[in-house]
Amino acid sequence: MTIYFYKVWQPYGCFSNFSPHGIQIQGTYWPTVEHYYQAQKFVGSVDAVIIPTIRAAATPEEAAALGRCSTRQLRSDWQVVKTQVMREAVLKKFLTHADIRKILLTTGNEILVENSPTDYFWGCGAKTTGQNHLGKILMSVREEIRQSLLISVSTADYASE
Ligand SMILES: Nc1nc(O)c(N)c(N[C@@H]2O[C@H](COP(=O)(O)O)[C@@H](O)[C@H]2O)n1
């Protein structure tokens with residue numbers, strides 16, 4: 001059964017980048033994955049001055065609005081790096097917060113889909129034909145965490161022999 005998620009207050013809302021789960025990356029704290037992701041758009045660009053304002057945004061919606069402002073200049077490699085930027089942040093989120101890591105792991109091998117009506121890159125879009133990159137990242141993070149748990153269990157077994 002495919003699991004659809006989108007808004008934080010809906011089922012599986014903790015899979016949304018807008019969920020209130022902070023992350024620390026390279027010594028800097030970000031209130032949500034969305035704050036981090038939107039700020040990374042401007043690293044090294046002439047508009048990098050906006051980064052602290054995005055980090056301090058009161059809500060992820062506000063951070064997204066700042067990051068989506070079309071008059072600011074994005075970093076030149078954004079289209080190349082954005083999926084890796086997102087994966088790093090999503091992995092950090094689920095490594096940091098045990099409660100939502102458990103929810104992610106209990107989805108087993110189900111397909112995860114960001115049910116965004118507008119986003120055909122990170123989500124499935126209104127026609128459900130989108131690329132669903134956020135869902136794909138969540139499934140790949142789920143697998144990475146599962147494998148690392150298997151390795152730590154087998155290492156502990158080995159050490160106790
Ligand atoms: N508008 C909106 N509301 C939400 O609750 C969402 N979860 C999203 N989706 C997220 O928007 C981000 C993409 O932003 P850009 O279009 O690249 O600026 C990404 O985090 C999606 O998961 N959107």
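Numbering starts at 1 and runs along the sequence shown. Just follow the structure's listing: the first ligand is 1, and inside any ligand the first atom is 1.
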Review point. Quick one: do the Gln84 and Glu88 side chains pair a donor with an acceptor below 3.5 Å?
Key: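 On atom types as modelled, these side chains do not qualify, holding no pair under 3.5 Å.
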Practice item. Answer yes if the side chains of Thr83 and Lys136 hold a donor-acceptor pair under 3.5 Å, and no otherwise. Key: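 Result is no, nothing qualifies.
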Check your understanding: Which of parallel (below 30°), tilted (30 to 60°) and perpendicular (above 60°) describes Tyr37 and Trp78?
Key ->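 Aromatic pair Tyr37/Trp78 classed tilted.
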At less than 3.5 Å, what protein N or O atoms come close to the N or O atoms of ligand 1? Include the distances to 0.1 Å.
{"unit_1": "ligand 1", "atom_1": "3 (N)", "unit_2": "Tyr6", "atom_2": "OH", "d": "3.4"}
{"unit_1": "ligand 1", "atom_1": "3 (N)", "unit_2": "Lys7", "atom_2": "NZ", "d": "3.1"}
{"unit_1": "ligand 1", "atom_1": "5 (O)", "unit_2": "Lys7", "atom_2": "NZ", "d": "3.1"}
{"unit_1": "ligand 1", "atom_1": "7 (N)", "unit_2": "Glu114", "atom_2": "OE2", "d": "3.3"}
{"unit_1": "ligand 1", "atom_1": "9 (N)", "unit_2": "Glu114", "atom_2": "OE2", "d": "3.2"}
{"unit_1": "ligand 1", "atom_1": "11 (O)", "unit_2": "Arg68", "atom_2": "NH2", "d": "2.8"}
{"unit_1": "ligand 1", "atom_1": "14 (O)", "unit_2": "Gln38", "atom_2": "NE2", "d": "3.4"}
{"unit_1": "ligand 1", "atom_1": "14 (O)", "unit_2": "Arg68", "atom_2": "NH2", "d": "3.1"}
{"unit_1": "ligand 1", "atom_1": "17 (O)", "unit_2": "Tyr37", "atom_2": "OH", "d": "2.6"}
{"unit_1": "ligand 1", "atom_1": "18 (O)", "unit_2": "Gln38", "atom_2": "NE2", "d": "3.2"}
{"unit_1": "ligand 1", "atom_1": "18 (O)", "unit_2": "Lys41", "atom_2": "NZ", "d": "2.7"}
{"unit_1": "ligand 1", "atom_1": "18 (O)", "unit_2": "Arg68", "atom_2": "NE", "d": "3.0"}
{"unit_1": "ligand 1", "atom_1": "20 (O)", "unit_2": "Asn17", "atom_2": "ND2", "d": "2.8"}
{"unit_1": "ligand 1", "atom_1": "20 (O)", "unit_2": "Glu34", "atom_2": "OE1", "d": "2.5"}
{"unit_1": "ligand 1", "atom_1": "22 (O)", "unit_2": "Asn17", "atom_2": "ND2", "d": "3.3"}
{"unit_1": "ligand 1", "atom_1": "22 (O)", "unit_2": "Glu114", "atom_2": "OE1", "d": "3.3"}
{"unit_1": "ligand 1", "atom_1": "22 (O)", "unit_2": "Glu114", "atom_2": "OE2", "d": "2.8"}

**Study point:** Stacked cation flag Lys92 on Tyr36, 6.0 angstrom / 45 deg
**Key:**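 So Lys92 doesn't make the cation-pi contact.
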Check your understanding: Are side-chain heavy atoms of Glu143 and Gln147 found at a separation under 4.5 Å?
Key ->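 Glu143 vs Gln147: side chains touch.
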**Study point:** Worked verdict on Arg55 versus Trp30 for side chain to side chain contact (heavy atoms under 4.5 Å, CB included)
**Key:** CA-CA 6 Å; Arg55 191 164 82 89; Trp30 301 85; 3.4 Å; yes
